[in-house]
Amino acid sequence: MPACIGAVILPLSGLLLSLPAGADVKARSCGEVRQAYGAKGFSLADVPFQEIAGERLRICPQEYTCCTTEMEDKLSQQSKLEFENLVEETSHFVRATFVSRHKKFDEFFRELLENADKSLNDMFVRTYGMLYMQNSEVFQDLFTELKRYYTGGNVNLEEMLNDFWARLLERMFQLINPQYHFSEDYLECVSKYTDQLKPFGDVPRKLKIQVTRAFIAARTFVQGLTVGREVANRVSKVSPTPGCIRALMKMLYCPYCRGLPTVRPCNNYCLNVMKGCLANQADLDTEWNLFIDAMLLVAERLEGPFNIESVMDPIDVKISEAIMNMQENSMQVSAKVFQGCGQPKPAPGLRSARSAPENFSTRFRPYNPEERPTTAAGTSLDRLVTDIKEKLKLSKKVWSALPYTICKDESVTAGSSNEEECWNGHSKARYLPEIMNDGLTNQINNPEVDVDITRPDTFIRQQIMALRVMTNKLKNAYNGNDVNFQDTSDESSGSGSGSGCMDDVCPTEFEFVTTEAPAADPDRREEDSSAIRLRCSLLSWSLVCVVLALQRLCR
């Protein structure tokens with residue numbers, strides 16, 4: 001019996017002596033790994049109870065391991081999903097900024113136009129009554145075209161405003177001369193004298209400058225917010241390459257295979273993995289920063305000389321001022337038109353002609369401030385733009401900062417202060433390789449991610465091009481120039497809505513050459529000849545005015 005006992009003891013002691021000095025038998029258990037793996041929602045049937053040979057693993061070290069090939073496949077997919085979610089969550093701020101600010105600015109602008117339209121209509125109904133209501137479509141068409149321009153319609157602002165004043169002159173010319181009948185051809189002739197006669201004073205010229213540059217800036221700015229929103233949404237949805245997925249698996253879940261599920265990656269290790277996986281996104285940063293700078297400059301325009309609120313709020317007052325100018329100069333205007341377009345025919349069946357003052361003598365009566373609509377969208381343009389500027393500044397360099405933001409997350413890495421007790425890709429120890437620089441070309445020697453620097457991501461290149469196109473449009477808007485948003489394929493085309501810098505020289509922070517030509521005017525030659533005829537008849541105009549005045553007195 002003692003011999004049997006000795007026979008048993010000797011092999012056991014031999015086994016104990018064969019283990020490495022200081023080895024912990026419990027370390028060979030996969031209990032912690034089973035618990036962590038199950039917490040991820042996976043079946044524990046895949047997890048061994050103790051370490052097994054790992055020669056079949058494709059990513060993690062092929063040593064004794066707690067991972068099967070099924071576990072490695074599932075954890076690889078899990079690391080991909082977690083990475084995609086990390087990028088989307090980390091870029092949430094910039095995406096939310098563009099989504100919310102675009103919505104707010106768009107709401108403000110539309111309400112501002114509605115308020116201006118309503119204010120003018122209410123004022124003119126109370127001031128001019130039926131005379132306005134019978135001709136209200138002229139004003140309604142003005143606001144319809146302004147809204148259509150803002151929403152991306154192919155509207156030439158200068159031509160549209162010129163047409164508005166020409167139509168208004170035609171209507172008012174008939175009102176101040178009710179004793180005559182005017183044919184369509186005659187009224188067309190009248191409208192051609194708008195520039196020479198200046199019946200509305202200097203209001204149309206000033207208003208055209210203010211409206212064109214303010215609307216160009218506002219529409220381009222909201223378009224910029226749209227492009228920023230779309231680019232941010234697209235770029236935040238990443239599709240990691242196979243090389244990236246391998247690196248993510250090795251960083252996030254190979255500790256499981258080594259029986260170290262609670263050990264997190266070293267901070268610098270994480271940075272190299274993220275810089276490799278997000279190399280193309282980092283290349284977006286240069287064009288993104290130029291785009292943000294251009295947005296900030298246009299925002300400054302909106303706060304200053306191109307302030308759409310300061311243009312639209314008093315537009316009813318300015319148009320009424322122009323109408324008063326026309327009233328006060330009605331006789332001189334009529335005389336000059338009769339001289340240039342010919343004497344009109346009397347209105348048929350008209351027994352006694354009524355004088356202009358009797359038919360259109362109403363004078364403009366401005367609203368009190370409290371009668372005006374409340375501020376659009378519950379804010380002012382200055383407050384709105386200031387808020388947007390602050391958020392835009394925070395979104396600079398957001399794409400190159402993604403790796404740093406992700407690797408600062410305590411749920412991802414062990415943190416920069418814990419450089420010894422972290423996973424370095426092989427074991428729990430310090431990570432020694434240097435950190436790579438940002439961008440695709442700098443990943444040629446990335447020790448963690450296999451990156452093909454000769455094949456840039458075409459999807460990211462498309463976003464870079466979209467930003468470049470938008471930045472050029474913002475540069476144009478900053479200088480008061482318009483670009484046709486309907487045709488983004490040909491950047492040499494434009495709607496020709498003018499520079500908006502006729503009065504004052506535009507600053508030259510952006511040296512951007514536009515290829516827009518002024519809209520061709522088929523009537524220009526005829527207008528030039530008409531102007532010559534008018535100048536030649538200057539001496540007879542005063543006589544015509546006296547004759548007309550005497551005729552009206554005799555009646």
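Quick caveat: nothing in here was measured; it's all calculated off a predicted structure. In this chain, residues are counted from 1 in sequence order.
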Could you check whether any side-chain N or O of [X] sits under 3.5 Å from a backbone N or O of [Y], counting only pairs where one atom can act as donor and the other as acceptor?
X	Y	answer
E51	T65	no
R301	A217	no
N280	I460	no
K275	M436	yes
E287	L467	no
D117	L113	no
N272	E448	no
Q35	G31	no
W423	Y269	no
E420	A429	no

Supply the atom-to-atom distance [X] [atom1] to [Y] [atom2], rounded to the nearest 0.5 angstrom.
X	Y	atom1	atom2	result
L260	C254	CG	SG	11.0 Å
L112	E107	CG	CD	12.0 Å
N115	L120	CG	CG	12.5 Å
N307	L302	CG	CG	7.5 Å
E434	L432	CD	CG	12.0 Å
T413	N267	OG1	CG	5.0 Å

Sidechain N-carboxylate O distance under 4.0 Å for [X], [Y]:
X	Y	value
R430	E421	no
E84	K237	no
E72	R56	no
D106	R110	yes
K389	E303	yes
R246	D450	no
K147	E114	yes
D283	R461	yes

[X] atom [atom1], over 12 foreign heavy atoms within 6.0 Å:
X	atom1	value
K408	NZ	no
F49	CZ	no
E32	CD	no

Would the pair [X] and [Y] meet an SG-SG distance criterion of under 2.5 Å?
X	Y	value
C60	C257	no
C270	C407	yes
C66	C30	yes

### Query
How are the rings of F98 and F291 set relative to one another: parallel (under 30°), tilted (30 to 60°) or perpendicular (over 60°)?
parallel

If every non-hydrogen atom of [X] is compared with every non-hydrogen atom of [Y], which pair is closest and at what distance?
X	Y	value
S91	W399	CB-CZ3, 4.1 Å
V238	Q281	CG1-NE2, 3.3 Å
R258	Y64	NH1-O, 3.9 Å
F83	C244	CE2-SG, 4.3 Å
G276	V451	O-CG2, 3.7 Å
V87	S236	CG1-O, 3.7 Å

Is there a side-chain contact between [X] and [Y] (heavy atoms, below 4.5 Å)?
X	Y	answer
L225	V99	no
E70	D73	no
L271	N268	yes
I292	K393	no
L284	V231	yes
S395	T97	no
M465	Q462	no
V273	N446	no

### Query
Are the aromatic rings of F105 and F221 close, with centres under 6.0 Å apart?
yes

### Y150 ring center within less than 6.0 Å of F109 ring center
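Centroid separation for F109 and Y150: below 6.0 Å.
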
### Query
With sequence neighbours excluded, what pairs up with D285 under the salt bridge (charged side-chain N to carboxylate O under 4.0 Å, His left out) test?
none

### Task
For the pair D382 and S380, evaluate side-chain hydrogen bond (donor to acceptor under 3.5 Å, both in side chains) and give the outcome as yes or no after the intermediate values.
CA-CA 5 Å; D382 288 341; S380 70; 5.4 Å; no

### Message
Please determine whether side chain to side chain contact (heavy atoms under 4.5 Å, CB included) holds for the pair V449 and Q443, giving the CA-CA distance in whole Å, both sets of side-chain angles, and the decisive distance to 0.1 Å.
### Response
CA-CA 8 Å; V449 188; Q443 307 312 309; over 6 Å; no

### Message
So if I apply the side chain to side chain contact (heavy atoms under 4.5 Å, CB included) rule between L474 and each of V298, N479, V227, which one comes out positive?
### Response
V298

### Chi angles and distances behind the side chain to side chain contact (heavy atoms under 4.5 Å, CB included) call for L146, F164
CA-CA 11 Å; L146 288 175; F164 165 74; over 6 Å; no

#### Entry: Donor + acceptor pair across side chains of N162, K208 (<3.5 Å)
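Yes, K208 and N162 have a side-chain donor paired with an acceptor closer than 3.5 Å.
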
#### Entry: Check: E82/Y253 side-chain N/O donor and acceptor closer than 3.5 Å
yes

### Message
side-chain hydrogen bond (donor to acceptor under 3.5 Å, both in side chains), that's the test. Do D316 and S119 meet it? Break it down for me.
### Response
CA-CA 7 Å; D316 47 9; S119 178; 2.6 Å; yes

### Task
Please step through salt bridge (charged side-chain N to carboxylate O under 4.0 Å, His left out) for the pair R219 and D482, ending with a clear verdict.
CA-CA 10 Å; R219 182 173 86 160; D482 199 5; 3.7 Å; yes

### Task
Could you check D387 against K391 for side chain to side chain contact (heavy atoms under 4.5 Å, CB included), going step by step and ending with a plain yes or no?
CA-CA 7 Å; D387 171 66; K391 298 297 188 296; 3.3 Å; yes

